[in-house]
**Student:** 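Quick one: the structure is below, questions incoming.
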Amino acid sequence: MNRYLFEYELKSTGFKGEFSWIEESEEKAKEAIRDRIADLEFTEIEDVVVGNLLKTMDATGRFFECENCAS
């Protein structure tokens with residue numbers, strides 16, 4: 001498993017940020033990350049534009065989840 005770091009932008013405000021996701025492939029991570037970003041930014045999925053892949057990191061044995069994230 002890898003952690004994929006993407007850039008993203010909110011169309012409504014022009015806000016730009018970065019967010020990472022652990023997944024089996026870049027394609028699956030890019031697909032799943034939009035929902036999570038929309039939740040965290042309190043916006044609609046259609047407002048989130050996932051941009052370029054910035055970095056790929058090995059996540060084998062390095063996966064930590066806080067109690068709130070796991071529930």
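For reference, positions follow the sequence shown, starting with 1. Atoms considered below: every heavy atom in the structure, side chains included; atoms not considered: hydrogens, waters and symmetry mates.
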**Student:** Output, in order, the C-alpha distance, side-chain angles, deciding distance and verdict of side-chain contact (heavy atoms from CB on, under 4.5 Å) for V48 and E41.
**Tutor:** CA-CA 9 Å; V48 178; E41 296 289 352; 5.9 Å; no
**Student:** Are N2 and I22 packed together at the side-chain level, in the sense that at least one heavy-atom pair is separated by less than 4.5 angstrom?
**Tutor:**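 No, side chains not in contact.
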**Student:** Only counting residues at least two apart or in another chain, list the ones meeting side chain to side chain donor-acceptor pair (under 3.5 Å) with E46.
**Tutor:**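 Partners of E46 under the side chain to side chain donor-acceptor pair (under 3.5 Å) test: none.
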**Student:** What about Y4 and V50, same hydrophobic cluster or not, with Ile/Leu/Val/Met/Phe/Trp/Tyr joined at side-chain heavy-atom distances under 4.5 Å?
**Tutor:**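 Both belong to a single hydrophobic cluster.
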**Student:** Applying side chain to side chain donor-acceptor pair (under 3.5 Å), can you list everything that pairs with E7, at least two apart in sequence or on another chain?
**Tutor:**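 With sequence neighbours excluded, E7 shows a side chain to side chain donor-acceptor pair (under 3.5 Å) to N52, given in chain and number order.
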**Student:** Hey, what do you get for CG (L5) to CG (L54), rounding to the nearest 0.5 Å?
**Tutor:**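 That separation rounds to 4.5 Å.
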**Student:** Would you say the side chain of L53 lies within less than 4.5 Å of the side chain of E26, judging by non-hydrogen atoms?
**Tutor:**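 Yes - at least one pair of side-chain heavy atoms lies under 4.5 Å apart.
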**Student:** Rounded at 0.5 Å granularity, tell me how far CG in L10 sits from CD1 in I37.
**Tutor:**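 Reported value, rounded in 0.5 Å steps: 8.0 Å.
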**Student:** Tell me, please, which residues at least two apart from T56 pass side chain to side chain donor-acceptor pair (under 3.5 Å).
**Tutor:**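 Once residues adjacent in sequence are excluded, T56 has no partner under the side chain to side chain donor-acceptor pair (under 3.5 Å) criterion.
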**Student:** Do R34 and Y8 come close enough that some side-chain heavy atom pair is under 4.5 Å?
**Tutor:**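 Sidechains of Y8 and R34: no contact.
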**Student:** Nearest 0.5 angstrom please: D47 CG to E9 CD, how far?
**Tutor:**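 Reported to 0.5 Å precision, the distance equals 9.5 Å.
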**Student:** If you group Ile, Leu, Val, Met, Phe, Trp and Tyr by side-chain heavy-atom gaps below 4.5 Å, do L40 and I33 land in one group?
**Tutor:**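 Looking at the clustering, I33 is in the same group as L40.
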**Student:** I would like to know whether F6 and K30 meet side-chain contact (heavy atoms from CB on, under 4.5 Å); could you show each step before the answer?
**Tutor:** CA-CA 8 Å; F6 293 95; K30 194 169 190 175; 3.8 Å; yes
